[in-house]
Amino acid sequence: MKALVLAGGRGTRLRPLTHTSAKQLVPVANRPVLFYGLEAIRDAGITEVGVIIGDTGREVREAVGDGSAFGLSITYIPQEAPLGLAHCVLIAREFLGDDPFVMYLGDNFLVGGIRDLVDAFRDAGHDAQLLLTKVAEPQFYGVAELGPSGEILSLEEKPARPRGDLAIVGVYTFSPAIHEAVRAIRPSARGELEITDAVTWLIANGFRVHSHLVSGYWRDTGRLQDMLECNRIVLEGVEPRIRGTVDGSSEVSGRVVIETGASVRGSVIRGPAVIGAGARISGSYIGPYTSIGERCVLEDAEVEYAIVCEESTVRGVSRLTYSLIGRNVEVVRAQGVPNALQLMVGDHSRVQVRA
């Protein structure tokens, strides 16, 4: 069995970060979201992986390499434009051959892995199996209607009046029958080949399409609140370790990871939290559910429930929370008068200020 991982797309909901960086490489607990998916695939016993890449392909290649670090063999498949999930299957035909495969959206975060899904698919011999989960607002998702034995009767994309509360998670398993389906469908109104249309074609033509319910935690990490929630979930499970240096005037409590080369001086760190290698923390407070990236600098700052990506600086900021700070960013207190905010903010940004 093979895997097809989708690491293209434009990540519009995480702009401006995704203007210059792949959304699949935004870190959760200082590790790219994509890495968690690759490890889940490996743990399910799959080693041959095709990775669909787009405009940020070079960055993905640099981060993942040939896959050997994950115990995988990676083949990169360029996609000229984000033309739909079914289009990804279409252009991966040569790599996939006639093997069954898992299709995994690289910005999805799934606690508990996919071994159960893969094993159930292998044992049952279905032509397609979709991972589903219950959601509070199904009108914002693709929704599946099930028969009495868990077979999928129909799919509807973002229905105004959902027939149920089971949403499609971004992990699918397919037999080679899907190749006929993606060739048979036409682009949707938004100009994309939709995987839901391909699955609907399978259902209409008598192929066996079944469901598998998520047993663990799942999130699509396309929004700030989802990234921060995934960060919280992972940090809840970290094992404390201190490989950097902490001076005698600092206080470190709870599940805290301080990586090699990091230094903490005159600061308070309350876990769960992760401090990346080479980071410098001085005169600062790091609160729970915070990830500080490699080589960051925090001076006279308070940060809590936040992700600060590598090589960024936060200085003289009394309170920073519910935030995602990108790479090589400076957040500093202005000096002198007037006592005013000074901002240089990119397109599609959001700044919330309490007067």
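As the structure is a computational prediction, the values presented were derived from the model and not from experiment.
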Query raised in the report: Name the one of Thr290, Val28, Ile307 that satisfies side chain to side chain contact (heavy atoms under 4.5 Å, CB included) with Leu228?
Result: Ile307
Query raised in the report: For Tyr104 and Leu38, what are the C-alpha separation, side-chain angles and deciding distance, and is it a side-chain contact (heavy atoms from CB on, under 4.5 Å)?
Result: CA-CA 9 Å; Tyr104 196 115; Leu38 293 174; over 6 Å; no
Requested in this report: Applying side-chain contact (heavy atoms from CB on, under 4.5 Å), run through Ile286 and Val268 and close with a yes or a no.
Outcome: CA-CA 6 Å; Ile286 309 297; Val268 174; over 6 Å; no
Report task. Determine the interplanar angle of the His126 and His210 rings, folded into 0 to 90°, and report it as parallel if under 30°, tilted if 30 to 60°, perpendicular if over 60°. Result -> parallel
Report task. Please confirm whether the backbone N or O of Ala198 pairs with a side-chain atom of Thr200, one donor and one acceptor, at under 3.5 Å? Result -> no
Query raised in the report: Counting only N and O atoms by type, is there a donor-acceptor contact under 3.5 Å from the side chain of Ser312 to the main-chain atoms of Gly326?
Result: yes
Query raised in the report: Ignoring hydrogens and geometry, is there a side-chain-to-backbone donor-acceptor pair from Asp300 to Ser282 under 3.5 Å?
Result: no
**Report entry** Atom pair CG/CG of Leu320 and Leu298 - distance to nearest 0.5 Å
**Finding:** 8.5 Å
Requested in this report: Decide yes or no for Leu132 and Val169: does some side-chain heavy atom of the first lie under 4.5 Å from some side-chain heavy atom of the second?
Outcome: no
**Report entry** Closest heavy-atom pair and its distance - Phe174, Ala128
**Finding:** CD2-CB, 3.6 Å
Query raised in the report: Roughly how far, to the nearest 0.5 Å, is CG of Asp247 from OG of Ser267?
Result: 7.5 Å
Query raised in the report: Are side-chain heavy atoms of Ile52 and Tyr76 found at a separation under 4.5 Å?
Result: no
Report task. Kindly work out whether a path of hydrophobic side-chain contacts (I/L/V/M/F/W/Y, heavy atoms less than 4.5 Å apart) joins Ile195 to Leu83. Result -> no
**Report entry** All salt bridge (Lys or Arg N to Asp or Glu O under 4.0 Å) counterparts of Asp99, not counting sequence neighbours
**Finding:** Lys2
Report task. Check whether any side-chain heavy atom of Phe140 sits under 4.5 Å from a side-chain heavy atom of Val135, and report yes or no. Result -> no
Query raised in the report: Distance-only, no hydrogens or angles: does the Asn205 side chain make a donor-acceptor pair with backbone N or O of Trp201 under 3.5 Å?
Result: yes
Report summary line: All heavy atoms of Ile185 vs all of Glu194, minimum pair found to be CD1-O, 3.5 Å
Report task. Say whether, by atom type as modelled, one donor and one acceptor occur between the side chain of Arg327 and the main chain of Glu311 under 3.5 angstrom. Result -> no
Requested in this report: Give the cluster check for Leu130 versus Ile203: same hydrophobic cluster or not, with ILVMFWY residues linked at side-chain heavy-atom distances below 4.5 Å.
Outcome: yes
Query raised in the report: Does Arg265 CZ have over 12 foreign heavy atoms under 6.0 Å away?
Result: no
Query raised in the report: Within a strict 4.5 Å, meaning less than it, do heavy atoms of the Arg280 and Arg295 side chains meet?
Result: no
Requested in this report: Indicate the atoms forming the closest heavy-atom contact of Arg115 with Gly45, along with that distance.
Outcome: NH2-N, 4.2 Å
Under 3.5 Å, sequence neighbours excluded: what are the donor-acceptor pairs made by side chains of residues 147-168?
unit_1	atom_1	unit_2	atom_2	d
Glu151	OE1	Ser149	N	3.0
Ser154	OG	Glu145	OE1	2.9
Arg163	NH1	Glu145	OE1	2.9

Query raised in the report: What residues form a side chain to side chain contact (heavy atoms under 4.5 Å, CB included) with Ala301, not counting sequence neighbours?
Result: Ser284, Val314
Requested in this report: Working to the nearest 0.5 Å, report the span between CG of Leu6 and CE of Met103.
Outcome: 6.0 Å
Requested in this report: Would you mind checking if Glu229 and Arg232 are paired as a salt bridge, meaning a charged N to carboxylate O distance below 4.0 Å?
Outcome: yes
Report task. Return yes if a side-chain donor-acceptor contact under 3.5 Å exists between His87 and Gln79, otherwise no. Result -> yes
Query raised in the report: Can you tell me how far OG1 of Thr133 sits from NE2 of His212, rounded to the nearest 0.5 angstrom?
Result: 11.0 Å
**Report entry** Set of residues satisfying salt bridge (Lys or Arg N to Asp or Glu O under 4.0 Å) with respect to Arg31, sequence neighbours excluded
**Finding:** Glu39
Query raised in the report: Hey, does Val89 have a side-chain heavy atom less than 4.5 Å from the side chain of Phe101?
Result: yes
Query raised in the report: Can you find a heavy atom in the side chain of Phe109 that is under 4.5 Å from one in the side chain of Val234?
Result: yes
Requested in this report: Hey, could you give me the OG/CD distance between Ser291 and Glu310, rounded to the nearest 0.5 Å?
Outcome: 13.0 Å
Query raised in the report: With side chains defined as the heavy atoms from C-beta onward, is the minimum distance between Val252 and Ile258 less than 4.5 Å?
Result: yes
Requested in this report: Search all heavy atoms of Glu259 against all heavy atoms of Gly276 and return the closest pair with its distance.
Outcome: CB-C, 3.8 Å
Report task. Can you measure from OG1 (Thr260) to CD (Glu294) and round to the nearest 0.5 angstrom? Result -> 10.0 Å
Requested in this report: Test Leu131 against Leu110 for side-chain contact (heavy atoms from CB on, under 4.5 Å), laying out the working first.
Outcome: CA-CA 11 Å; Leu131 198 56; Leu110 188 63; 3.7 Å; yes
Report summary line: Heavy-atom nearest pair, Ala3 first then Ile41, reads CB-CG2, 3.8 Å
Query raised in the report: Can you list the steps and then say if Gln24 with Val33 is a side-chain contact (heavy atoms from CB on, under 4.5 Å)?
Result: CA-CA 5 Å; Gln24 299 83 6; Val33 171; 5.6 Å; no
Query raised in the report: Any sub-3.5 Å donor-acceptor pair from Ser73's side-chain atoms to Thr47's backbone N or O?
Result: no
Report summary line: Shortest non-hydrogen pair, Ser188 vs Asp197, comes out as CB-OD2, 4.4 Å
Query - Which residues share a side chain to side chain contact (heavy atoms under 4.5 Å, CB included) with Glu94, sequence neighbours left out - result: none
Requested in this report: Check the side chains of Glu304 and Tyr285 for a donor-acceptor pair under 3.5 angstrom, ignoring hydrogens and angles.
Outcome: yes
Report task. Is it possible for you to say whether Val329 and Ile292 belong to one hydrophobic cluster, with membership spreading through side-chain heavy-atom contacts below 4.5 Å? Result -> yes
Query raised in the report: Are Arg93 and Asp98 side-chain neighbours, meaning at least one heavy-atom pair lies under 4.5 Å?
Result: yes
Report task. Indicate if Tyr36 and Val111 have the same hydrophobic cluster label, given that clusters are the connected sets of ILVMFWY residues with side-chain heavy-atom separations under 4.5 angstrom. Result -> yes
Query - Under 3.5 Å: donor-acceptor pair, side chain of Asp66, backbone of Ile74 - result: no
Requested in this report: Fit a plane to each ring of Tyr289 and Tyr305, take the angle between them on a 0 to 90° scale, and name the class: parallel (under 30°), tilted (30 to 60°) or perpendicular (over 60°).
Outcome: perpendicular
**Report entry** Single-linkage hydrophobic cluster Val49~Val64, side-chain heavy atoms < 4.5 angstrom
**Finding:** yes
Report task. Tell me, please, which residues at least two apart from Glu299 pass salt bridge (Lys or Arg N to Asp or Glu O under 4.0 Å). Result -> Arg315
